[in-house]
Amino acid sequence: MIPTLVPIGALLCGIGLLLLGSGLLNTVVALRGSLEGFSDTTLGLIGSTYFLGFFLGTFVAPPLIRRMGHIRAFAFFGATVAACILLHAVVVNAWFWMGLRVLTGMGLVGFYAVIESWLNDQTAPERRGQVFAVYMVVNLAALAGAQQLLRLDTPMNFTLFAVAAIFVCVSLLPVTMTRFPQPQIATRARPRLGMIWRAAPAAFVGALSSGLSMGAFWSLTPVYGERIGLDAAGIGLLMTATIVGGALLQWPMGRFSDAGDRRLALGVAAGGASVAGVVVALWGHLPHVPLAGLFLYGGMAFAIYPIVVAHLVDHLRHDQILSGNTGVLFLHGLGAAAGPSIAGALMGWIGALALPLHLGLAFVPLALFCILLFRRTRDEIVDEPAHFTPMMRTSATVLEMVSPDAPEVESKAADDSPAAVTPSTEPAPPPGEADPEVLLRPPPSSSPTTGTAESRAAG
């Protein structure tokens, strides 16, 4: 494993430093806005504009990278994000911040696309699963660690914005020094939402629900912590507990989803997240309840998106997987852009308890829908059952590392159907089995044959 990671150490170091900066910024923006007197509705809109930028960046970033090249594009996105971070402290205006958040979201997608395409290109096909697992560990560890940087100073001062910008700037150093050859950025497969609904309606609803809840979590949980009287250290601990819960419980939830009908696993995860959100809303004034409740929420909610992806792959033909996964990413992005605005408006109406209520209730339709489908219909898998791969929503490029990609099949599909777009990547065989020490374990296989939920359980 170590010989595999050493050559890409610069890329992993770069993304870790970047996420320390961007993870800190997301929390500081919410806290500073609250301290400046922005209404909860306004704070929700600021959160939504970040995810709007993230959503738009999935369309804008790949052409820019192809035009500039990876290293120059990475420096371009870094300069953009660092400047936006510093401008938050220079000009404190809600509308100006919304514009900055759009640019920041677009820049971060560009970062992800550069790193992920390089990881995909520089890793042997049989090792991609292991590298993806380590990549996810770096993501979660950096985001959790970023919350502890709140202890350095109050968000009212310039310090935290400067620290976030420094991390983003320093993240450029290991990446711009690399001598890796420039990989190809695949043409983005067109999302086919109708196909997703027909093939796996639970995945369609799950992607939207996950976006609605997780977008609000990342944008407004720091504000919730401030409203219930936590100091900066307490807010950082609250965020870290949720992220750690998501990291620790994704693997057992994934094993549960691989063992039987994945719709049941989605229903259980959504139900657990709903219960956790309601408990925090009703008893969040008691000591340790927000911490324990959000730990459980993170464990359930963070698992939903990767279960959605695995469930969708169960129900698609080989040539449909990339466009199907792109559609799930699209739906999640729509939900994440809307979620903070909805939660912010609710907080302005009924107070801080509205956020955990929103976090939980956003999953209630998914829980009910999945249980209904589980009871009424049989889960017929198109080819071979997929295997759960713990992941976070980053960019469409990462799908190349976890999707069984066969360009020759995609190319034929593109000739037969105008809705399909041929990726320009090399074939990516199924990822190999990860080391047991890795927390977020990748699938032993992702390639399709014939089976049902019953055959998966038997295996």
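Source: prediction; values computed, not measured. Here, residue 1 is the first one in the sequence, and each next residue gets the next number.
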With Trp95, which residues qualify under ring pair (Phe, Tyr, Trp, His ring centres under 6.0 Å), at least two apart?
-> none
Kindly indicate, with the supporting measurements, whether the criterion side chain to side chain contact (heavy atoms under 4.5 Å, CB included) is fulfilled by Phe295 and Val244.
-> CA-CA 7 Å; Phe295 178 89; Val244 170; 4.3 Å; yes
Answer yes if the side chains of Thr240 and Gln147 hold a donor-acceptor pair under 3.5 Å, and no otherwise.
-> no
Output yes when a side-chain donor or acceptor of Ser34 lies under 3.5 Å from a complementary backbone atom of Ala30, and no otherwise.
-> no
Can Leu353 and Leu357 be said to form a side chain to side chain contact (heavy atoms under 4.5 Å, CB included), step by step?
-> CA-CA 6 Å; Leu353 64 84; Leu357 270 181; 3.6 Å; yes
At what distance, to the nearest 0.5 angstrom, does CE of Met347 lie from CG of Leu43?
-> 8.0 Å
Taking distance alone, no hydrogens or angles, what donor-acceptor pairs closer than 3.5 Å link side-chain atoms of residues 159-171 to residues at least two apart or in another chain?
residue, atom, partner, partner atom, Å
Thr159, OG1, Asp153, OD2, 2.7
Ser171, OG, Val168, O, 2.5

Hey, does Ile46 have a side-chain heavy atom less than 4.5 Å from the side chain of Phe38?
-> yes
Contact summary for Gly44 and Leu220, nearest pair of heavy atoms = N-CD2, 4.0 Å
Quick one: CZ on Arg198 to CG on Leu316, what's the gap to the nearest 0.5 Å?
-> 11.0 Å
Only counting residues at least two apart or in another chain, list the ones meeting ring pair (Phe, Tyr, Trp, His ring centres under 6.0 Å) with His88.
-> Trp97
What orientation do Phe55 and Phe59 show, parallel under 30°, tilted 30 to 60°, or perpendicular over 60°?
-> perpendicular
Heavy atoms only: give me the nearest Leu20-Ala142 pair and the separation to one decimal.
-> CD2-O, 3.5 Å
Donor-acceptor contact present, side-chain His358 to main-chain Leu212, <3.5 Å | yes
Heavy atoms, side chains only, cut-off 4.5 Å: are Leu334 and Phe330 in contact?
-> yes
Output, in order, the C-alpha distance, side-chain angles, deciding distance and verdict of side chain to side chain contact (heavy atoms under 4.5 Å, CB included) for Phe76 and Met68.
-> CA-CA 9 Å; Phe76 174 84; Met68 297 180 183; 3.8 Å; yes
Residue pair Phe302 / Leu140, side-chain heavy-atom distance below 4.5 Å = yes
Which atoms form the tightest heavy-atom contact between Met300 and Ala269, and what is the distance?
-> CB-O, 3.3 Å
Scan for salt bridge (Lys or Arg N to Asp or Glu O under 4.0 Å) pairs involving residues 24-41, sequence neighbours excluded, and state none if there are none.
-> Arg32-Glu36, Asp40-Arg227
Residue pairs fulfilling side-chain hydrogen bond (donor to acceptor under 3.5 Å, both in side chains) with at least one residue in residues 211-225, sequence neighbours excluded = Ser213-Tyr297
Working to the nearest 0.5 Å, report the span between SG of Cys13 and CG of Leu18.
-> 11.0 Å
Please round to the nearest 0.5 Å and tell me the distance separating atom OG1 of Thr154 and atom CG of Asp231.
-> 10.5 Å
Please report the shortest heavy-atom distance between Ile350 and Ala354, naming the atom on each side.
-> CG1-CB, 3.4 Å
How about Thr104 and Ile85: do any of their side-chain heavy atoms sit closer than 4.5 Å?
-> no
Between atom CG of Leu296 and atom CG of Leu249, what is the distance when rounded to the nearest 0.5 Å?
-> 7.5 Å
Which pair of heavy atoms, one from Val328 and one from Tyr305, lies closest together, and at what distance?
-> CG1-CE1, 3.5 Å
With sequence neighbours left out, what residues match Ser341 under side chain to side chain donor-acceptor pair (under 3.5 Å)?
-> Ser48
Does the side chain to side chain contact (heavy atoms under 4.5 Å, CB included) test come out yes or no for Phe96 and Leu87, once each step is laid out?
-> CA-CA 9 Å; Phe96 187 70; Leu87 283 171; 4.1 Å; yes
Are the side chains of Leu19 and Tyr112 in touch, meaning some heavy atoms are under 4.5 Å apart?
-> yes
What is the ring orientation for Phe77 with Phe111, classed by angle as parallel under 30°, tilted 30 to 60°, or perpendicular over 60°?
-> tilted
Check: Ile15 and Tyr135 side chains under 4.5 Å, non-hydrogen atoms | yes
Which atom of Ala113 lies closest to which atom of Ile65, heavy atoms considered = CB-CD1, 3.6 Å
Student check: side-chain heavy atoms of Leu266 and Phe369 closer than 4.5 Å | no
What's the spacing between Leu331 CG and Ser210 OG if we round to 0.5 Å?
-> 11.0 Å
So do the side chains of Arg262 and Val313 get within less than 4.5 Å of each other, counting heavy atoms only?
-> no
